[in-house]
Amino acid sequence: MPHLTSTATGTASTDLRVGFGIPGYAHPLVAPVEWGELTRPGTPLHWVVLNVADGPGTRPDPRCLEAAGRLRNAGVRVLGHLDVTYGARAFRELVSDAHRYRDWYQVDGFLLDRCPTERTALPEVRRTATTLRALFGEGREGHIVLGHGTHPYPGYAETADQLVTFAGPWSDYRWSQVAEWTAEYPPERFCHFVHSVPRGHLDEALRIARWQGASTIYFTDRTDRGGSADPWESMPGYWDEIVSRVGTGVSE
């Protein structure tokens with residue numbers, strides 16, 4: 001069974017506001033239904049990641065401009081996708097991509113995908129996060145999410161608004177354990193992305209997220225086909241059902 005966090009974190013409370021973080025659908029040209037669904041009134045969205053072409057691309061993309069604009073008009077936070085490649089990506093390249101996201105798409109923050117987890121990489125990640133926040137100017141703060149995909153060294157929690165502490169298949173998630181240090185932070189600080197979740201296990205998956213103290217989630221029945229596909233590119237087959245469950249809190 002998954003490790004249960006202390007009730008002091010508030011994960012057992014019925015007022016826990018669970019919502020979706022969308023890791024990034026395929027380009028709006030090939031996934032118009034997915035992007036259209038995100039502006040449906042009442043959908044409990046925390047944020048949506050925009051990944052134009054493994055980053056912001058080389059020029060503004062009209063369809064992505066339109067999709068991002070609709071989301072902003074609907075009051076949805078849009079994050080630019082930055083691939084940190086576990087610390088191998090050059091700082092200046094990341095900042096250059098971030099500037100393009102801000103200038104072209106007016107993003108509200110960034111997801112730093114494939115973020116390092118070890119203590120030695122923390123100073124550079126902190127430097128990057130601080131620089132990215134400064135892009136938003138005085139009086140505004142960009143939302144920074146570190147996409148570790150697993151539990152990092154605890155110091156990362158002081159660097160970003162949220163950490164992705166699980167990203168992977170249901171076969172791993174159902175037996176996963178939460179790091180004890182996460183009990184010192186509220187559930188709003190943590191995100192879980194889980195693919196290959198069968199429809200019949202949705203309630204169980206939602207319970208695990210609550211037990212482990214993660215209020216931003218994304219569950220899908222799409223698979224990675226053994227690592228050859230992106231399971232986040234298309235909408236889950238049970239999208240309406242999970243929106244209803246999360247929106248009404250029936251999993252509590």
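This is a predicted model, so every value here is computed, not measured.
- Put simply, the side chain of Asp113 does not reach to within 4.5 Å of the side chain of Asn51, judged on heavy atoms.
- Between Trp181 and Tyr156, the ring center distance fails the sub-6.0 Å criterion.
- Under the rule for a salt bridge (Lys or Arg N to Asp or Glu O under 4.0 Å), Glu141 has no partner lying at least two apart in sequence or in another chain.
- Counting only heavy atoms from C-beta outward, the side chains of Val145 and Gln162 approach each other to under 4.5 Å.
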Please tabulate, for side-chain N and O atoms in residues 225-237, each donor-acceptor pair with protein atoms closer than 3.5 Å (sequence neighbours left out).
from, atom 1, to, atom 2, distance (Å)
Ser228, OG, Arg225, O, 2.8
Asp230, OD1, Trp232, N, 2.9
Ser234, OG, Arg222, NE, 3.3

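- Within the structure, the salt bridge (charged side-chain N to carboxylate O under 4.0 Å, His left out) test picks out no pair touching residues 45-64 (sequence neighbours left out).
- Residues Leu94 and Thr131 have side chains not in contact (no heavy-atom distance under 4.5 Å, counting atoms from C-beta outward).
- A heavy-atom distance below 4.5 Å is not found between the side chains of Asp224 and Pro169.
- A 4.5 Å side-chain heavy-atom check between Phe20 and Ile217 finds at least one atom pair inside the cut-off.
- For residues 153-172, the set of pairs meeting the salt bridge (charged side-chain N to carboxylate O under 4.0 Å, His left out) definition, not counting sequence neighbours, comprises Arg133-Asp161.
- Between Asp97 and Arg89 the shortest side-chain heavy-atom distance falls below 4.5 Å.
- Partners of Arg72 under the salt bridge (Lys or Arg N to Asp or Glu O under 4.0 Å) rule, at least two apart in sequence or in another chain, do not exist in this structure.
- For the atom pair CG of Leu71 and CG of Leu38, the computed distance is 6.0 Å after rounding to the nearest 0.5 Å.
- A 6.0 Å sphere centred on CZ of Arg199 holds more than 12 heavy atoms belonging to other residues, nucleotides or ligands.
- Taking a cutoff of 4.0 Å between a charged side-chain nitrogen and a carboxylate oxygen, Arg127 and Glu124 qualify as a salt bridge.
- Arg102 pairs by the salt bridge (Lys or Arg N to Asp or Glu O under 4.0 Å) definition with nothing, not counting sequence neighbours.
- Here Asp103 does not pair with Arg100 in a salt bridge; the nearest charged N to carboxylate O distance is not below 4.0 Å.
- In this structure the side chain of Trp170 reaches within 4.5 angstrom of the side chain of Ile208, judged on heavy atoms.
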